[in-house]
Amino acid sequence: AIEAVVAAMRAHPQMAEVQRQGCAALVNVCSVDDAAGRARSQRAAEAGTVEAIVAAMRAHPQVQKMVCRALVNVCFGTDGAALARKQ
């Protein structure tokens with residue numbers, strides 16, 4: 001599911017609603033702070049979500065709130081992998 005979200009965001013960069021909904025999906029998928037949630041956040045980062053989220057932020061100022069929530073959830077944590085995602 002994560003890869004499909006990133007693919008949709010990349011395929012439709014000009015569509016603000018696709019970007020907002022993609023970020024909303026990432027917020028939900030990466031929202032739990034347990035081993036499974038951290039694994040999903042790492043998988044999301046490896047799938048290119050940070051780059052897709054930043055592109056959405058640059059292209060669509062009107063989706064900033066959801067974009068920020070997605071970045072927080074994808075990058076959340078204090079383990080080594082989370083610290084790397086924040087780079």
Side-chain angles (χ1 to χ4, degrees):
I2 293 168
E3 292 80 4
V5 169
V6 174
M9 291 175 74
R10 287 181 176 158
H12 304 285
Q14 74 286 1
M15 299 183 71
E17 189 59 19
V18 171
Q19 302 306 307
R20 190 182 76 72
Q21 292 295 334
C23 286
L26 294 169
V27 165
N28 289 327
V29 169
C30 300
S31 65
V32 180
D33 185 28
D34 61 9
R38 287 188 294 275
R40 286 190 301 272
S41 292
Q42 185 60 36
R43 190 168 131 219
E46 291 169 358
T49 58
V50 173
E51 293 84 359
I53 292 167
V54 170
M57 181 185 297
R58 288 183 175 146
H60 305 287
Q62 66 272 32
V63 300
Q64 296 296 309
K65 184 175 179 181
M66 190 60 69
V67 167
C68 289
R69 290 178 65 200
L71 276 176
V72 166
N73 283 15
V74 169
C75 296
F76 184 78
T78 58
D79 61 318
L83 296 175
R85 289 191 299 272
K86 294 173 188 176
Q87 297 291 321

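Just so you know, these numbers use all the heavy atoms, side chains as well, and skip hydrogens, waters and symmetry mates. Residues: numbered from 1 along the sequence shown.
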Find out whether Leu26 and Val5 are in side-chain contact, i.e. whether some heavy atom of one side chain is under 4.5 Å from a heavy atom of the other. yes
Under 4.5 Å between any side-chain heavy atoms of Met9 and Cys23, yes or no? yes
Taking only residues two or more places apart in sequence or in another chain, which ones pass side-chain contact (heavy atoms from CB on, under 4.5 Å) with Glu17? Arg20, Gln21
Shared ILVMFWY cluster between Val63 and Val6, side chains joined below 4.5 angstrom? no
Set of side chain to side chain donor-acceptor pair (under 3.5 Å) partners for Arg43, sequence neighbours left out: Glu3
Closest non-hydrogen contact found for His12 with Gln19 is O-NE2, 2.9 Å
Quick one: does His60's side chain have a donor or acceptor within less than 3.5 Å of a partner on Ala55's backbone? no
Using 0.5 Å steps for rounding, measure from the CZ atom of Arg40 to the CG atom of Asn73. 10.5 Å
Contacts of type side chain to side chain donor-acceptor pair (under 3.5 Å), residue Glu46, not counting sequence neighbours: Gln42
Partner of Val74 under side chain to side chain contact (heavy atoms under 4.5 Å, CB included), chosen from Val50, Val29, Ile2: Val50
Closest heavy-atom pair and its distance - Ala70, Val27: N-CG2, 3.4 Å
